Each structure stands twice: as structure tokens, then as C-alpha cells.
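Reckoned from all heavy atoms, side chains included, excluding hydrogens, waters and symmetry mates. The structure presented is a predicted model; accordingly, all values stated were derived computationally and were not measured. Numbers restart at 1 for each chain; the letters A, B, ... are given by sequence-line order, proteins then strands.
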Amino acid sequence: MTENDYNTRFREYITFGLGIHYLLKAIIIQFVALLLTYQFARPLSISVSSPNLFIAIYTAISVAFLVVTFLFSRNMCRRSISPKMHSKTAVLISTILYHIVAAAVVVSGYTLLIVAVSGPSQINILDVFLSLLFTTAFAAILTVGYHDELDDHLPSVETLEDTIDGWIDNTAWVDEEDNSQSQRNRLNAFEDDCNELKAVFSSATTQAGKQLAEEFEAWVSDFEGHNGQAKELVIQGQKHNKGSNRELRTEHEEFERLKSRLKDLSTRYD
Amino acid sequence: MIEERYDNLSDTSPHEQYLLILSESETCFGSEYTDLASEIQDRINGDALTIQEYFHPLEDVTNSSRLIQNSVWLIHWDECLKNQDYPCLDSFLDQSMFPNYAEAIICIESGGYQKAKEIERKYRGISVAYSKDTLISCAKIHFSDFNPTYTSGKERVKSWNNEICERLGI
């Protein structure tokens, strides 16, 4: 993997294949919001009669925003059609990155608007928790914003899982009675599922998702070009002790690899 | 499994055909069957016919419905027929049973031309190859007729396909 690919894939934990400009737009809006907030909040330290109560309230709201960010990140990861992003680790990375970006905005806002003007001594514990609230709120805004953009592009989790499950179920056409009508019907259903999956995968926006879509389409194209006997060998593999058709063996191995990846994509990790 | 009958000549093109290989090993006449299939493919006119090799496990050699889906059978004499290890093959190769427009080629790696003639007398209508060149020549002759590049070839492919469908109950 080149450095460029690595950077792109890392960036996709936030953008999910959409442009970085959505992120920049959100950051600018947040920064302006922060600027206005701090301008009106001068003097900058917040003083209330019962700080512990406010700390508890800020913490509770922050946790709520954190959960929102986590849930929306998880939904985007599930819908990304990217095997790499279909994991708890990817969701955590995505959630953390959103918070890092939001924290960067809040910290830079504090530095420019509070510390630079009044000095760090003006910041009390309540300000810290308020900043935490801002950070989680901004992270949630970013996540919901990206989710909103992706909503039109990507299939729903249910559509993705149902289509993949249908495809995997219908690979059992090879187990139907040989040369029977039911076997031919099941093969037709499997080929319909192939086309349906191709259509679903064509909406992939991530690099890994697009790659999976290309690999799947290439495999389907080869598969459809074969006669029925060869199609069976591609799905089942060849049973001869020594000899085997290299092309069909390669296609069978690719089928097993794709099937394994698709199983991962349709399996919930929680 | 053969998927469907051909109703029109245009259905036959492009056509993918498999060389059925009945052999315990993966080589014959010093070459891998895969390479032999490639050489046969290289000698085929047009691009409407694709040839590939299909290794059928000898443990399942009684499965005639599977065997007949291949228009060319390559059968290794020493490994399959010489010692009558698979008696069902003799009945499958009987002219009255063998599908029209299909071709069986028995491969003998020792004995040469004389042995080939002897086996040909036993299995009437079946070709016997005693060298790589005679094997490729036999296959080439078959596929020069059984080739949907030409109208007559389309007729043969359609007729063969539909006969196999008939036998399989499709």
C-alpha cells in the first residue's frame, strides 16, 4: 500500500469516501459558533452557584453526544461496503477521530479567544467540562452531517445484509438434485442475486468498498461466461485428486475469498 | 449441469466446451492436460468456441449424466481401460450409447500405431491417439466441425446440446 493509499484509507474513517470539504465546512461553522459563544461569554470563566451540578449536567450531555457519535459512526461503518471498516475497531477509530477533530477546534478556539486574551488562570474546572461538552457536540454534528450526506449514497444496513445473505443462501444451488429444475431455478436466483449485489456495491464510496465492488463484478462476469458444469466447479471446487483446471481453480479460490468477505460484511459485530 | 436447450442457432455462440479427462494423473504424452487443452484451443478457428479441460474424478466415473455433458472425452488407456478397472466405461463408449457429435479419444502412451489400430478395432468409432500430435489432430478434426463459428458447426452444437438435454430430462 502506498503512502497515498494509506492516507486516503485513514481519512476515510471520517469522510467514508466523501470529499474532505464536508469536514472543512463543518469545522468552519463550528469555529464561528465557538467564536461567537466566547465573545458573548466574556469574562471568560463561568461562575455558577453549584458547579458540581453543572459538571454533572455537562457530563451527562457529553455522554449522550458521545453515544450519538458512536452510533452514527457505527452505522456508516456498517454501510460503507468496506470489509476493513466492518469492525468494532474501525468504529472506535472513527469515533475517536471525530472527537480529535472536534477537540482541535475547541482547543484552538480556547487558545485564540480565551488563553491569548485572559491567560490560562481564567479557566476553571467548569470551563473544562463545558469544553468537553462542546467537543462531543461538535463531534456529533460532524458525524450526523456525514451520515446525512452518505444516507443518499449508501444502501441501508438491512438492504446490504439481506442481499448478501440471499446471495450466500443461493450458493447452495449446487447442492440441489443434479440437473433438476429446482437446481436451474436456484441457479437463476443466484445469478439474479449477483446482479442485485453488483448494483448495491456500485454505490460504494470508500476505496476498499470500490475495490470489493470491482473484484465482485469481475468474478460475476467470468462466472456468467461459463456453462453450467463449469459454474458448479467454480462454486464447489474440483474434486480430482491431481489434475485441475487452473482457470476454474482460480475462480473458485476467488469465490471463496469473496464469500468470506461478504459473510463478514453481513455479520453484525455486536 | 447443462442449463438449457438451444432453440435457435444464435444461442450456440459463443460456446464453452470442456474436454473431459479421465485419467489418474495430470499428464499425458509428457505434457500436462492443461497445456494440451491450450494447444487444442490454439488450433481452433474463430473466437466462438472456447476449450477448457475438465478433470472428472475416476471414483465417480459411473456418473454418466456428468460425463455426457462434454463433447470430447480423453481417456487414458493404461489407467482406465486396459485392466477393465471401470467396466461401465465400455458400455458408455458403445456406439449405440455414445452421444451424436461427441468424440472419445483413447490415449495410449506405449505400443504406438499398431497398438492404436488394435484398440480401434475393439472400440468401433472411437479414435485412438498414440502421440501428442495424433491427440491434437483428433481434437482439431472434431472441433473443426463442432464449432459455432460456422453455420454447420452451430447446427452440430445445437443438435448435440439438445440431445444431451433430452438425455438429462431437461
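Residues of residues 32-55 of chain B that come closer than 4.5 Å to chain A, counting heavy atoms only, are B:E32, B:T34, B:D35, B:Q52, B:E53, B:Y54, B:F55, ordered by residue number.
Atom CG of A:N188 is separated from atom CD of B:E4 by 8.0 Å, given to the nearest 0.5 angstrom.
Atom NZ of A:K198 sits in a crowded spot, with more than 12 heavy atoms from other residues, nucleotides or ligands closer than 6.0 Å. The environment of B:K122 atom NZ is dense: over 12 non-hydrogen atoms of other residues, nucleotides or ligands sit within 6.0 angstrom. Atom CD of A:E177 has 12 or fewer heavy atoms from other residues, nucleotides or ligands within 6.0 Å.
Chain B forms more heavy-atom pairs under 4.5 Å with one residue of A:R246, A:Q181, A:Q238 than with any other, namely A:R246.
Between A:N227 and B:Q69, the side chains place no donor N or O within less than 3.5 Å of an acceptor N or O (distance only, hydrogens not considered).
With a threshold of 4.5 angstrom between heavy atoms, B:H15 does not approach chain A through any atom at all.
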